[in-house]
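Small disclaimer: the values here were computed from a predicted structure and weren't measured. All chains are named by letter (A, B, ...) in the order of the sequence lines, taking the proteins before the strands, and each is independently numbered beginning at 1.
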Amino acid sequence: MMLPSEKHVKGSLPFVSHALPSTPSRGRAAEQTCLALLQACTSLRHLLQTTAFLLKSGLRSNPLVLTKFAAASSSLDALEVATSLLFSPHASTHLYDAFLFNTVIRSHAQSDRLGDRRLAISYFSAMLRCRLLPNKFTFPFLLRACASLPEPTSVGAQVHACVVKYGYSSDPYVRNTLIHVYSGAPSSLDSARDLFDRMPKTSPVTWCAMIGGYVRSGFSHKAVALFREMQGRGIQPDEITVILVLSACADLGALELVRWLGSYVERENIPKALPLCNALLDALAKCGDVDGAVALFERMHAKSIVSWTSVIDGLALHGRGNEAVRVFEMMKGAGVVPDGVAFISVLTACCHSGMVEEGRRYFDSMKSDFGIEPQIEHYGCMVDLFSRVGMVERALEFVRTMPMEPNPVIWRMLIGACRVHGRLELGERIAKNLLDKDPTHDSTYVVLSNLYALRRQWQKKWETRRAMSERGIRKVPGCSSVELNGEIYEFIAGDESQLKDRGVYEMLEEIGRKTKLAGYVPRH
DNA sequence: ATAGGGTTAG
(Lines give C-alpha, C1' and ligand atoms only; values in the text may rest on other atoms or scores of the structure.)
Protein backbone atom coordinates (compact mmCIF):
# COMPACT_ATOMS: atom_id res chain seq x y z
CA MET A 1 0.00 0.00 0.00
CA MET A 2 1.23 3.47 -0.82
CA LEU A 3 1.94 5.88 1.96
CA PRO A 4 -0.42 8.83 1.61
CA SER A 5 1.41 11.99 0.71
CA GLU A 6 0.75 15.28 2.45
CA LYS A 7 -1.15 16.46 -0.62
CA HIS A 8 -3.22 13.32 -0.61
CA VAL A 9 -4.28 13.79 3.01
CA LYS A 10 -5.03 17.49 2.64
CA GLY A 11 -7.06 16.84 -0.48
CA SER A 12 -9.19 14.21 1.19
CA LEU A 13 -10.77 16.30 3.91
CA PRO A 14 -12.56 15.37 5.97
CA PHE A 15 -10.36 12.67 7.24
CA VAL A 16 -10.08 9.43 5.33
CA SER A 17 -9.09 6.79 7.79
CA HIS A 18 -8.74 4.05 5.16
CA ALA A 19 -5.92 6.05 3.64
CA LEU A 20 -3.83 5.23 6.67
CA PRO A 21 -1.16 2.65 5.92
CA SER A 22 -1.41 -0.57 7.90
CA THR A 23 2.35 -0.85 8.37
CA PRO A 24 3.60 2.70 8.47
CA SER A 25 7.20 3.32 7.59
CA ARG A 26 9.48 5.34 9.80
CA GLY A 27 11.45 8.44 9.11
CA ARG A 28 10.80 11.59 7.21
CA ALA A 29 7.83 10.40 5.18
CA ALA A 30 5.99 9.24 8.29
CA GLU A 31 6.73 12.58 9.94
CA GLN A 32 5.29 14.49 6.96
CA THR A 33 2.22 12.27 6.91
CA CYS A 34 1.62 12.64 10.61
CA LEU A 35 1.95 16.42 10.44
CA ALA A 36 -0.55 16.54 7.60
CA LEU A 37 -2.93 14.26 9.47
CA LEU A 38 -2.69 16.47 12.55
CA GLN A 39 -3.43 19.52 10.48
CA ALA A 40 -6.50 17.82 9.07
CA CYS A 41 -7.88 16.74 12.43
CA THR A 42 -11.40 18.07 12.96
CA SER A 43 -12.74 15.74 15.63
CA LEU A 44 -11.67 13.73 18.60
CA ARG A 45 -12.00 10.57 16.52
CA HIS A 46 -9.51 11.91 13.97
CA LEU A 47 -7.16 12.82 16.75
CA LEU A 48 -7.26 9.33 18.23
CA GLN A 49 -6.71 7.77 14.80
CA THR A 50 -3.74 10.05 14.29
CA THR A 51 -2.42 9.12 17.72
CA ALA A 52 -2.51 5.46 16.69
CA PHE A 53 -0.59 6.31 13.55
CA LEU A 54 1.90 8.39 15.50
CA LEU A 55 2.64 5.54 17.89
CA LYS A 56 2.90 2.90 15.19
CA SER A 57 5.30 5.05 13.19
CA GLY A 58 7.68 5.46 16.08
CA LEU A 59 7.12 9.21 16.15
CA ARG A 60 6.61 9.56 19.86
CA SER A 61 10.15 10.94 20.21
CA ASN A 62 9.74 13.52 17.46
CA PRO A 63 9.46 16.96 19.11
CA LEU A 64 8.02 18.62 16.01
CA VAL A 65 5.25 16.06 15.72
CA LEU A 66 4.56 16.14 19.44
CA THR A 67 4.29 19.92 19.44
CA LYS A 68 1.82 19.89 16.55
CA PHE A 69 0.00 17.11 18.32
CA ALA A 70 -0.35 19.22 21.45
CA ALA A 71 -1.60 22.17 19.39
CA ALA A 72 -4.16 20.02 17.55
CA SER A 73 -5.42 18.53 20.82
CA SER A 74 -5.80 21.98 22.24
CA SER A 75 -7.94 23.25 19.39
CA LEU A 76 -10.13 20.14 19.71
CA ASP A 77 -10.54 20.73 23.44
CA ALA A 78 -8.85 17.38 24.14
CA LEU A 79 -5.91 18.42 26.26
CA GLU A 80 -5.91 15.22 28.25
CA VAL A 81 -5.35 13.20 25.06
CA ALA A 82 -2.20 15.19 24.37
CA THR A 83 -0.84 15.11 27.86
CA SER A 84 -1.49 11.42 28.42
CA LEU A 85 0.60 10.68 25.35
CA LEU A 86 3.26 13.30 26.01
CA PHE A 87 3.79 12.53 29.65
CA SER A 88 3.16 8.79 29.77
CA PRO A 89 5.75 6.57 31.48
CA HIS A 90 6.96 5.49 28.01
CA ALA A 91 7.73 9.01 26.92
CA SER A 92 11.36 9.91 26.36
CA THR A 93 11.50 13.23 28.13
CA HIS A 94 15.08 13.96 27.13
CA LEU A 95 13.79 14.82 23.65
CA TYR A 96 11.40 17.50 24.83
CA ASP A 97 12.13 21.08 23.92
CA ALA A 98 10.94 24.46 25.15
CA PHE A 99 8.62 24.86 22.18
CA LEU A 100 6.73 21.74 23.16
CA PHE A 101 6.25 22.98 26.71
CA ASN A 102 5.25 26.42 25.48
CA THR A 103 2.53 24.82 23.38
CA VAL A 104 1.30 22.72 26.28
CA ILE A 105 1.36 25.70 28.66
CA ARG A 106 -0.45 27.93 26.16
CA SER A 107 -3.12 25.31 25.52
CA HIS A 108 -3.80 24.92 29.20
CA ALA A 109 -3.69 28.67 29.86
CA GLN A 110 -6.40 29.24 27.23
CA SER A 111 -8.72 26.57 28.55
CA ASP A 112 -11.94 27.66 30.21
CA ARG A 113 -11.56 24.96 32.86
CA LEU A 114 -9.89 26.10 36.04
CA GLY A 115 -8.15 22.73 36.53
CA ASP A 116 -6.45 23.05 33.14
CA ARG A 117 -5.20 26.53 33.97
CA ARG A 118 -3.70 25.25 37.19
CA LEU A 119 -2.03 22.48 35.19
CA ALA A 120 -0.36 25.11 33.01
CA ILE A 121 1.66 26.07 36.05
CA SER A 122 2.50 22.43 36.81
CA TYR A 123 3.79 22.00 33.27
CA PHE A 124 6.03 25.00 33.78
CA SER A 125 7.51 23.24 36.83
CA ALA A 126 7.89 20.08 34.74
CA MET A 127 9.67 22.13 32.09
CA LEU A 128 12.18 23.35 34.65
CA ARG A 129 12.61 19.81 36.00
CA CYS A 130 13.51 18.69 32.48
CA ARG A 131 16.27 21.32 32.66
CA LEU A 132 14.76 23.34 29.85
CA LEU A 133 15.19 27.11 29.82
CA PRO A 134 11.98 29.12 29.50
CA ASN A 135 12.13 31.60 26.62
CA LYS A 136 10.45 34.93 25.95
CA PHE A 137 7.25 33.20 24.84
CA THR A 138 6.93 31.05 27.93
CA PHE A 139 6.11 33.79 30.43
CA PRO A 140 3.28 35.54 28.57
CA PHE A 141 1.59 32.13 28.20
CA LEU A 142 2.17 31.22 31.80
CA LEU A 143 1.06 34.60 33.15
CA ARG A 144 -2.11 34.38 31.13
CA ALA A 145 -2.92 31.22 33.08
CA CYS A 146 -2.18 33.01 36.36
CA ALA A 147 -4.42 35.96 35.47
CA SER A 148 -7.51 33.77 35.29
CA LEU A 149 -6.98 31.91 38.56
CA PRO A 150 -9.16 32.81 41.56
CA GLU A 151 -6.00 33.93 43.37
CA PRO A 152 -3.96 35.59 40.62
CA THR A 153 -1.58 37.42 42.91
CA SER A 154 0.00 34.62 44.94
CA VAL A 155 0.81 32.44 41.94
CA GLY A 156 1.61 35.50 39.84
CA ALA A 157 4.22 36.65 42.33
CA GLN A 158 5.93 33.25 42.17
CA VAL A 159 6.02 33.40 38.40
CA HIS A 160 7.27 36.97 38.67
CA ALA A 161 10.24 35.68 40.68
CA CYS A 162 11.01 33.29 37.80
CA VAL A 163 10.68 36.15 35.31
CA VAL A 164 13.38 37.99 37.22
CA LYS A 165 15.54 34.87 37.62
CA TYR A 166 15.53 34.11 33.91
CA GLY A 167 16.13 37.72 32.91
CA TYR A 168 12.85 38.66 31.26
CA SER A 169 11.76 41.44 33.60
CA SER A 170 12.41 44.18 31.06
CA ASP A 171 10.60 42.48 28.20
CA PRO A 172 7.59 44.73 27.42
CA TYR A 173 5.31 41.81 26.61
CA VAL A 174 6.11 40.15 29.91
CA ARG A 175 5.73 43.42 31.81
CA ASN A 176 2.34 44.18 30.29
CA THR A 177 1.15 40.72 31.22
CA LEU A 178 2.48 41.13 34.76
CA ILE A 179 0.48 44.35 35.10
CA HIS A 180 -2.52 42.41 33.84
CA VAL A 181 -2.02 39.70 36.47
CA TYR A 182 -1.44 42.04 39.42
CA SER A 183 -4.26 44.40 38.49
CA GLY A 184 -6.80 41.57 38.62
CA ALA A 185 -7.08 41.55 42.42
CA PRO A 186 -7.68 44.53 44.71
CA SER A 187 -4.87 43.42 47.05
CA SER A 188 -2.20 43.74 44.37
CA LEU A 189 -3.52 46.76 42.48
CA ASP A 190 -0.78 48.92 43.96
CA SER A 191 1.91 46.53 42.72
CA ALA A 192 0.35 46.69 39.28
CA ARG A 193 0.24 50.46 39.36
CA ASP A 194 3.85 50.55 40.49
CA LEU A 195 4.91 48.40 37.53
CA PHE A 196 2.78 50.57 35.29
CA ASP A 197 4.33 53.81 36.55
CA ARG A 198 7.81 52.41 36.07
CA MET A 199 7.20 51.25 32.49
CA PRO A 200 9.96 52.84 30.40
CA LYS A 201 7.81 52.85 27.29
CA THR A 202 4.07 52.33 27.28
CA SER A 203 1.90 51.06 24.48
CA PRO A 204 -1.91 51.03 24.28
CA VAL A 205 -1.65 47.48 25.63
CA THR A 206 0.07 48.72 28.79
CA TRP A 207 -2.72 51.24 29.39
CA CYS A 208 -5.36 48.62 28.75
CA ALA A 209 -3.79 46.17 31.17
CA MET A 210 -4.03 48.79 33.92
CA ILE A 211 -7.44 50.23 32.96
CA GLY A 212 -8.85 46.74 32.56
CA GLY A 213 -7.47 45.80 35.96
CA TYR A 214 -9.27 48.72 37.59
CA VAL A 215 -12.50 47.63 35.93
CA ARG A 216 -12.11 43.98 36.95
CA SER A 217 -11.27 44.90 40.53
CA GLY A 218 -14.30 47.15 40.80
CA PHE A 219 -12.54 50.55 40.68
CA SER A 220 -14.29 51.92 37.64
CA HIS A 221 -13.75 55.55 38.61
CA LYS A 222 -9.98 54.91 38.67
CA ALA A 223 -10.27 53.31 35.24
CA VAL A 224 -11.90 56.47 33.93
CA ALA A 225 -9.31 58.66 35.66
CA LEU A 226 -6.51 56.70 34.00
CA PHE A 227 -8.28 57.00 30.68
CA ARG A 228 -8.33 60.80 31.15
CA GLU A 229 -4.61 60.69 31.88
CA MET A 230 -4.05 58.71 28.71
CA GLN A 231 -5.93 61.33 26.73
CA GLY A 232 -4.01 64.08 28.51
CA ARG A 233 -0.78 62.54 27.26
CA GLY A 234 -2.09 62.60 23.72
CA ILE A 235 -2.30 58.81 23.36
CA GLN A 236 -5.05 57.73 21.01
CA PRO A 237 -7.40 55.21 22.61
CA ASP A 238 -7.78 52.16 20.42
CA GLU A 239 -10.70 49.79 20.06
CA ILE A 240 -9.91 47.78 23.16
CA THR A 241 -9.39 50.87 25.32
CA VAL A 242 -12.83 52.09 24.27
CA ILE A 243 -14.39 48.72 25.16
CA LEU A 244 -12.83 48.82 28.62
CA VAL A 245 -13.83 52.41 29.34
CA LEU A 246 -17.37 51.67 28.17
CA SER A 247 -17.50 48.84 30.65
CA ALA A 248 -16.37 51.26 33.38
CA CYS A 249 -19.07 53.72 32.29
CA ALA A 250 -21.71 51.02 32.50
CA ASP A 251 -20.67 50.54 36.10
CA LEU A 252 -20.66 54.25 36.92
CA GLY A 253 -23.72 55.33 34.96
CA ALA A 254 -21.61 57.86 33.07
CA LEU A 255 -23.94 58.41 30.14
CA GLU A 256 -22.24 61.52 28.80
CA LEU A 257 -18.92 59.70 28.51
CA VAL A 258 -20.64 56.74 26.82
CA ARG A 259 -22.08 59.08 24.20
CA TRP A 260 -18.73 60.79 23.75
CA LEU A 261 -17.03 57.41 23.22
CA GLY A 262 -19.73 56.49 20.70
CA SER A 263 -19.04 59.61 18.67
CA TYR A 264 -15.28 59.17 19.07
CA VAL A 265 -15.58 55.73 17.48
CA GLU A 266 -17.50 57.23 14.56
CA ARG A 267 -15.13 60.19 14.16
CA GLU A 268 -11.93 58.16 14.23
CA ASN A 269 -13.33 55.39 12.05
CA ILE A 270 -12.51 52.77 14.62
CA PRO A 271 -13.72 49.45 13.24
CA LYS A 272 -17.00 48.59 14.92
CA ALA A 273 -16.45 44.92 15.63
CA LEU A 274 -19.11 43.06 17.54
CA PRO A 275 -17.49 43.29 21.00
CA LEU A 276 -17.28 47.08 20.64
CA CYS A 277 -20.94 47.35 19.61
CA ASN A 278 -21.87 45.09 22.51
CA ALA A 279 -19.92 47.19 24.98
CA LEU A 280 -21.60 50.35 23.69
CA LEU A 281 -25.00 48.70 23.75
CA ASP A 282 -24.55 47.47 27.29
CA ALA A 283 -23.21 50.80 28.53
CA LEU A 284 -26.13 52.72 27.01
CA ALA A 285 -28.62 50.32 28.56
CA LYS A 286 -27.00 50.35 31.98
CA CYS A 287 -26.72 54.14 32.00
CA GLY A 288 -30.44 54.54 31.48
CA ASP A 289 -30.69 55.06 27.73
CA VAL A 290 -32.47 51.77 27.15
CA ASP A 291 -34.24 53.07 24.05
CA GLY A 292 -30.92 54.21 22.58
CA ALA A 293 -29.57 50.73 23.30
CA VAL A 294 -32.52 49.06 21.61
CA ALA A 295 -32.13 51.38 18.60
CA LEU A 296 -28.45 50.43 18.33
CA PHE A 297 -29.35 46.76 18.72
CA GLU A 298 -31.74 47.00 15.79
CA ARG A 299 -29.11 48.69 13.62
CA MET A 300 -26.47 46.03 14.34
CA HIS A 301 -26.12 43.60 11.45
CA ALA A 302 -24.39 40.96 13.58
CA LYS A 303 -25.69 40.05 17.02
CA SER A 304 -24.36 37.55 19.50
CA ILE A 305 -25.75 36.12 22.71
CA VAL A 306 -23.94 38.99 24.46
CA SER A 307 -25.92 41.59 22.48
CA TRP A 308 -29.24 39.94 23.29
CA THR A 309 -28.34 39.50 26.94
CA SER A 310 -27.35 43.16 27.29
CA VAL A 311 -30.69 44.30 25.89
CA ILE A 312 -32.67 41.91 28.09
CA ASP A 313 -30.68 42.95 31.12
CA GLY A 314 -31.06 46.64 30.32
CA LEU A 315 -34.84 46.32 30.01
CA ALA A 316 -35.01 44.21 33.18
CA LEU A 317 -32.92 46.68 35.15
CA HIS A 318 -35.31 49.50 34.28
CA GLY A 319 -38.43 47.63 35.27
CA ARG A 320 -39.49 46.78 31.72
CA GLY A 321 -39.85 43.11 32.52
CA ASN A 322 -42.53 42.32 29.96
CA GLU A 323 -40.43 43.69 27.11
CA ALA A 324 -37.37 41.87 28.45
CA VAL A 325 -39.24 38.57 28.42
CA ARG A 326 -40.48 39.30 24.92
CA VAL A 327 -36.92 39.96 23.71
CA PHE A 328 -35.80 36.71 25.33
CA GLU A 329 -38.48 34.86 23.39
CA MET A 330 -37.44 36.68 20.20
CA MET A 331 -33.88 35.58 20.81
CA LYS A 332 -34.92 31.95 21.04
CA GLY A 333 -37.04 32.45 17.93
CA ALA A 334 -33.97 33.78 16.11
CA GLY A 335 -32.24 30.48 16.84
CA VAL A 336 -29.84 31.87 19.45
CA VAL A 337 -29.46 29.30 22.21
CA PRO A 338 -29.59 30.97 25.65
CA ASP A 339 -26.71 30.35 28.03
CA GLY A 340 -26.51 30.63 31.81
CA VAL A 341 -25.93 34.39 31.67
CA ALA A 342 -28.96 34.97 29.43
CA PHE A 343 -31.07 33.06 31.93
CA ILE A 344 -29.82 35.29 34.73
CA SER A 345 -30.98 38.31 32.75
CA VAL A 346 -34.44 36.91 32.04
CA LEU A 347 -34.82 35.76 35.65
CA THR A 348 -33.79 39.26 36.76
CA ALA A 349 -36.52 40.61 34.49
CA CYS A 350 -39.11 38.38 36.15
CA CYS A 351 -37.75 39.41 39.53
CA HIS A 352 -37.97 43.15 38.93
CA SER A 353 -41.46 42.88 37.53
CA GLY A 354 -42.92 40.41 40.00
CA MET A 355 -43.50 37.66 37.43
CA VAL A 356 -43.30 34.69 39.77
CA GLU A 357 -44.75 31.93 37.61
CA GLU A 358 -42.91 33.04 34.47
CA GLY A 359 -39.70 33.03 36.47
CA ARG A 360 -40.40 29.57 37.77
CA ARG A 361 -41.06 28.32 34.23
CA TYR A 362 -37.81 29.81 32.90
CA PHE A 363 -35.89 28.33 35.78
CA ASP A 364 -37.29 24.88 35.05
CA SER A 365 -36.73 25.22 31.31
CA MET A 366 -33.02 25.83 31.80
CA LYS A 367 -32.40 22.21 32.50
CA SER A 368 -35.31 20.57 30.72
CA ASP A 369 -35.04 22.48 27.42
CA PHE A 370 -31.40 23.51 27.30
CA GLY A 371 -29.55 21.09 29.55
CA ILE A 372 -28.09 23.96 31.60
CA GLU A 373 -27.55 23.06 35.24
CA PRO A 374 -28.68 26.09 37.31
CA GLN A 375 -25.83 27.70 39.23
CA ILE A 376 -26.08 29.35 42.63
CA GLU A 377 -26.75 32.71 40.91
CA HIS A 378 -29.87 31.27 39.29
CA TYR A 379 -31.07 29.92 42.61
CA GLY A 380 -30.34 33.39 43.98
CA CYS A 381 -32.60 34.96 41.34
CA MET A 382 -35.44 32.66 42.37
CA VAL A 383 -35.00 33.40 46.07
CA ASP A 384 -34.97 37.10 45.25
CA LEU A 385 -38.09 36.68 43.12
CA PHE A 386 -40.07 34.92 45.85
CA SER A 387 -38.72 37.28 48.51
CA ARG A 388 -39.67 40.47 46.73
CA VAL A 389 -43.30 39.47 46.29
CA GLY A 390 -43.52 38.45 49.94
CA MET A 391 -43.57 34.67 49.45
CA VAL A 392 -41.16 34.14 52.33
CA GLU A 393 -42.25 30.53 52.92
CA ARG A 394 -41.81 29.65 49.29
CA ALA A 395 -38.37 31.29 49.26
CA LEU A 396 -37.36 29.28 52.32
CA GLU A 397 -38.70 26.07 50.84
CA PHE A 398 -36.75 26.80 47.67
CA VAL A 399 -33.56 27.29 49.65
CA ARG A 400 -34.17 23.97 51.42
CA THR A 401 -34.36 22.12 48.11
CA MET A 402 -31.22 23.72 46.67
CA PRO A 403 -28.57 21.16 45.76
CA MET A 404 -25.79 23.41 47.01
CA GLU A 405 -25.03 25.29 50.20
CA PRO A 406 -26.72 28.74 50.04
CA ASN A 407 -24.21 31.57 49.96
CA PRO A 408 -24.33 34.69 52.16
CA VAL A 409 -25.95 36.66 49.31
CA ILE A 410 -28.94 34.33 49.41
CA TRP A 411 -29.18 34.42 53.20
CA ARG A 412 -29.17 38.22 53.10
CA MET A 413 -31.98 38.23 50.53
CA LEU A 414 -34.02 36.07 52.88
CA ILE A 415 -33.27 38.31 55.83
CA GLY A 416 -34.39 41.29 53.76
CA ALA A 417 -37.62 39.49 52.86
CA CYS A 418 -38.24 38.65 56.52
CA ARG A 419 -37.72 42.27 57.51
CA VAL A 420 -39.97 43.73 54.85
CA HIS A 421 -42.71 41.18 55.39
CA GLY A 422 -42.69 41.25 59.18
CA ARG A 423 -41.08 37.87 59.86
CA LEU A 424 -38.76 39.40 62.39
CA GLU A 425 -37.94 36.35 64.56
CA LEU A 426 -37.17 34.26 61.51
CA GLY A 427 -34.99 37.03 60.10
CA GLU A 428 -33.15 37.23 63.40
CA ARG A 429 -32.48 33.49 63.42
CA ILE A 430 -31.06 33.53 59.90
CA ALA A 431 -28.98 36.62 60.57
CA LYS A 432 -27.48 35.14 63.76
CA ASN A 433 -26.70 31.94 61.91
CA LEU A 434 -25.03 33.86 59.13
CA LEU A 435 -23.03 35.86 61.63
CA ASP A 436 -21.69 32.65 63.17
CA LYS A 437 -20.56 31.46 59.76
CA ASP A 438 -19.07 34.73 58.61
CA PRO A 439 -18.40 37.16 61.49
CA THR A 440 -16.46 39.56 59.25
CA HIS A 441 -19.27 40.78 57.02
CA ASP A 442 -20.18 44.33 57.98
CA SER A 443 -23.75 44.61 56.77
CA THR A 444 -24.95 41.44 58.53
CA TYR A 445 -24.42 43.24 61.85
CA VAL A 446 -26.26 46.29 60.59
CA VAL A 447 -29.19 44.24 59.31
CA LEU A 448 -29.42 42.30 62.58
CA SER A 449 -29.29 45.42 64.69
CA ASN A 450 -31.99 46.99 62.53
CA LEU A 451 -34.16 43.91 63.07
CA TYR A 452 -33.81 44.39 66.84
CA ALA A 453 -34.68 48.04 66.46
CA LEU A 454 -37.89 47.10 64.64
CA ARG A 455 -38.82 44.89 67.57
CA ARG A 456 -37.79 47.59 70.04
CA GLN A 457 -35.21 45.26 71.60
CA TRP A 458 -32.74 48.04 72.31
CA GLN A 459 -30.51 45.96 74.55
CA LYS A 460 -29.92 43.37 71.83
CA LYS A 461 -29.44 46.06 69.23
CA TRP A 462 -26.78 47.64 71.37
CA GLU A 463 -25.08 44.28 71.98
CA THR A 464 -24.92 43.63 68.23
CA ARG A 465 -23.33 47.01 67.62
CA ARG A 466 -20.85 46.37 70.41
CA ALA A 467 -19.92 42.91 69.07
CA MET A 468 -19.30 44.55 65.74
CA SER A 469 -16.95 47.20 67.08
CA GLU A 470 -15.21 44.73 69.41
CA ARG A 471 -14.33 42.63 66.40
CA GLY A 472 -13.01 45.71 64.67
CA ILE A 473 -15.62 45.63 61.95
CA ARG A 474 -16.80 48.85 60.41
CA LYS A 475 -19.63 49.43 58.01
CA VAL A 476 -18.21 50.21 54.60
CA PRO A 477 -20.36 53.10 53.44
CA GLY A 478 -22.61 52.54 50.47
CA CYS A 479 -21.28 54.22 47.38
CA SER A 480 -22.55 55.26 43.99
CA SER A 481 -21.51 57.90 41.51
CA VAL A 482 -22.96 60.72 39.49
CA GLU A 483 -21.75 62.36 36.33
CA LEU A 484 -22.10 66.14 36.28
CA ASN A 485 -20.96 68.10 33.24
CA GLY A 486 -18.62 65.31 32.19
CA GLU A 487 -17.06 64.89 35.64
CA ILE A 488 -17.65 61.76 37.66
CA TYR A 489 -18.23 62.23 41.37
CA GLU A 490 -18.15 59.59 44.07
CA PHE A 491 -21.32 59.65 46.07
CA ILE A 492 -20.68 58.15 49.49
CA ALA A 493 -23.39 57.56 52.12
CA GLY A 494 -22.95 59.92 55.05
CA ASP A 495 -20.35 62.07 53.35
CA GLU A 496 -21.77 65.21 51.81
CA SER A 497 -18.54 67.14 51.41
CA GLN A 498 -17.87 66.64 47.73
CA LEU A 499 -21.29 67.35 46.33
CA LYS A 500 -22.66 69.78 48.88
CA ASP A 501 -22.39 72.86 46.70
CA ARG A 502 -23.74 71.35 43.54
CA GLY A 503 -27.41 71.06 44.25
CA VAL A 504 -27.24 67.27 44.45
CA TYR A 505 -28.78 67.04 47.91
CA GLU A 506 -31.52 69.51 47.02
CA MET A 507 -32.32 67.25 44.08
CA LEU A 508 -32.32 64.19 46.35
CA GLU A 509 -34.84 65.82 48.66
CA GLU A 510 -36.94 66.74 45.66
CA ILE A 511 -36.90 63.12 44.51
CA GLY A 512 -37.77 62.00 48.03
CA ARG A 513 -40.77 64.35 48.09
CA LYS A 514 -41.97 63.11 44.73
CA THR A 515 -41.66 59.41 45.60
CA LYS A 516 -43.62 60.01 48.81
CA LEU A 517 -46.29 61.85 46.83
CA ALA A 518 -46.44 58.84 44.51
CA GLY A 519 -47.25 56.66 47.51
CA TYR A 520 -43.88 55.33 48.59
CA VAL A 521 -43.68 54.50 52.30
CA PRO A 522 -40.07 54.38 53.47
CA ARG A 523 -38.97 51.56 55.75
CA HIS A 524 -35.75 51.45 57.71
C1' DA B 1 6.74 27.16 14.15
C1' DT B 2 5.06 30.26 19.53
C1' DA B 3 3.91 36.87 22.61
C1' DG B 4 0.91 41.41 25.67
C1' DG B 5 -4.70 44.49 26.70
C1' DG B 6 -11.17 42.95 25.06
C1' DT B 7 -18.05 42.75 25.37
C1' DT B 8 -23.00 40.03 28.92
C1' DA B 9 -23.68 38.02 35.27
C1' DG B 10 -28.34 38.64 42.45
By the 4.0 Å heavy-atom rule, please label A:N102 as base, sugar-phosphate, or nothing.
base

Checking side chain to side chain contact (heavy atoms under 4.5 Å, CB included) for the pair A:Q375/A:F343: CA distance, chi angles, key distance, verdict?
CA-CA 10 Å; A:Q375 302 295 300; A:F343 270 106; over 6 Å; no

With a 4.5 Å limit on heavy-atom distance, are the side chains of A:L226 and A:F196 in contact?
yes

Between A:H160 and A:S169 (side chain of the first, backbone of the second, donor and acceptor by atom type, cut-off under 3.5 Å), is there such a pair?
no

Determine the contact category for A:M210: base if any of its heavy atoms lies under 4.0 Å from a base atom, sugar-phosphate if only primed atoms, P, OP1 or OP2 are that close, otherwise nothing.
nothing

Chi angles and distances behind the side chain to side chain contact (heavy atoms under 4.5 Å, CB included) call for A:D77, A:R113:
CA-CA 10 Å; A:D77 197 25; A:R113 280 181 297 270; 3.1 Å; yes

Is A:L64 touching bases, backbone alone, or none of the nucleic acid, heavy atoms closer than 4.0 Å?
base

With heavy atoms under 4.0 Å as the rule, sort A:K303 into base, sugar-phosphate or nothing.
nothing

Kindly state which residues belonging to residues 305-314 of chain A come within less than 4.0 angstrom of DNA chain B, counting heavy atoms of the residue only, listed by number.
A:V306, A:T309, A:S310, A:D313

Take A:I344 and A:H378 through the test side chain to side chain contact (heavy atoms under 4.5 Å, CB included) and record every step on the way to the result.
CA-CA 6 Å; A:I344 288 177; A:H378 302 102; 3.4 Å; yes

Between A:I211 and A:A223, what is the shortest heavy-atom contact and its length?
O-CB, 3.8 Å

Minimal heavy-atom distance between A:R117 and A:A145, with the atoms involved, is O-CB, 3.9 Å

Decide yes or no on side chain to side chain donor-acceptor pair (under 3.5 Å) for A:S310 and A:D313, but give the supporting numbers first.
CA-CA 5 Å; A:S310 290; A:D313 208 52; over 6 Å; no

For a quick check of understanding: with a heavy-atom distance under 4.0 Å over all strands, which category does A:I243 fall into, base, sugar-phosphate or nothing?
base

Contact span of DNA chain B against chain A, any nucleotide atom under 4.0 Å from a heavy atom, 5' to 3', runs B:dA1 to B:dG10

Using a 4.0 Å heavy-atom cut-off across all strands, classify A:T177 as base, sugar-phosphate, or nothing.
sugar-phosphate

